[in-house]
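Note sheet for the following structure.
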Amino acid sequence: MSKVLAIILSPEEGISRSDRELLAAGRILADPLDGQLVAGLVGASVEESQAAEAIACGADKTYLAGDPLLVDHNSEVMLQAVEYLVQELQPQAVVFIGKTSSQEIAARLAYRLKTGCVLDCVEMSVEQSSGRLLLTKPIYGGKAVALFAASQTPAVVVLRTRTVDPAEPDEARQGDVETLSLSLDSSRVNARVVERVSEQGEGVKLEDATVIISGGRGMGGSEQFQVLEELARLLNGSVGASRAACDLGWVPASWQIGQTGKKVAPQLYVAVGISGASQHLVGMAGAKHVVAINTDPNAPIFKIAELGVVEDYKNVVPHLIEELNQRRTN
Ligand SMILES: Cc1cc2nc3c(=O)[nH]c(=O)nc-3n(C[C@H](O)[C@H](O)[C@H](O)COP(=O)(O)OP(=O)(O)OC[C@H]3O[C@@H](n4cnc5c(N)ncnc54)[C@H](O)[C@@H]3O)c2cc1C
């Protein structure tokens, strides 16, 4: 029977929303193949409770690949564990969800297996006539889309986050759980975490936000982002930024949305002083409604905005805040 292996890295805090997206995507491949969706939980402390969550979210079987060496996302030993799982299961596809650690491991895994790898995949399906996996990914900074047909197995795929709706847990689902005993080579641990610094974050995480107010170079400076924070607060949203604003040091790099930043899919995305470069659009392509405020009527952002305001943001955003405040008090 064909197997699709969904790799869930470090699930210590449970199966996350993006893991549920991964499991939903795994079913998209496993079902037309009449195959089995197998979840491989790889981490320092993987437990039956996480396996049960994975099964509730669509896995037919879950393997627990735990080892104390798998702490701190050490990619070298993570790779060893994932490779072991793949060799044991011989799946038709190995699917990861798009985090930096996944991309690193997926590419190296494909190299070791001498197979193909598609990173940043936004759509996956199975060709009915041949059973081949078809994988779509944006290229040239989102200006074009490439379709790949997997000619080797296993196909190694990293799915971009927020491109598939997350699987809803069904507690009634049943599945097997098997614990693997790994023998990892500790001499391969060549990096050590010496300190952890948590970023202070307020409000909703960008990836989970339903409203995002995003600012670009047109904001003019760091302090000017305060109006965006105020607007976001009134709309229960989060603040994002273009790379230009992050590179200028106006806002933290973790606010960056785009090709080399976060991929978001809010209901409402308000782009303020952002030109709409393709590398930015790639990160917000999942937004349902886009509003743009920009002084330049020819800014590319207006091509994708549902509502465009050609105006200096200083003449628009404060009025929006005032209006929202007034509605709150009424
Ligand atoms: C490999 C690569 C990866 C990249 N990855 C990313 C990425 O992940 N994310 C990203 O964002 N970019 C990325 N970029 C950079 C991208 O190409 C653009 O340079 C960047 O997005 C531009 O940011 P911006 O729109 O804020 O600035 P600009 O392009 O300078 O646009 C500023 C806009 O503000 C408007 N404006 C000025 N003043 C006002 C005002 N008072 N009120 C309203 N509007 C005003 C202007 O008309 C202009 O349209 C990447 C580039 C490369 C080469």
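Sequence positions, counted from 1, serve as the residue numbers for this chain. Atoms within each ligand, like the ligands themselves, are counted from 1 in listed order. All of these numbers come straight from a predicted model, not from anything done at the bench.
- If you look at ligand 1, the protein residues with a non-hydrogen atom under 4.0 Å away are G216, R217, G218, S242, R243, A244, Q256, I257, G258, Q259, T260, G261, G273, I274, S275, A277, Q279, H280, I293, N294, T295, D296, E311, D312, Y313.
- Inspection of the S130 and E127 side chains reveals an N or O donor paired with an N or O acceptor under 3.5 Å.
- Counting Ile, Leu, Val, Met, Phe, Trp and Tyr side chains that sit under 4.5 Å apart, directly or through other members, V145 stands alone, with no cluster partners.
- Each of Q87, E88, Q80 was checked for a side-chain contact (heavy atoms from CB on, under 4.5 Å) with Y84, and the lone residue meeting it is E88.
- Between D72 and R192, no side-chain nitrogen of the basic residue sits less than 4.0 Å from a carboxylate oxygen of the acidic one, so the salt-bridge criterion is not met.
- No side-chain donor from either of S49 and E53 sits under 3.5 Å from a side-chain acceptor of the other.
- No side-chain donor-acceptor contact under 3.5 Å links E12 and S45.
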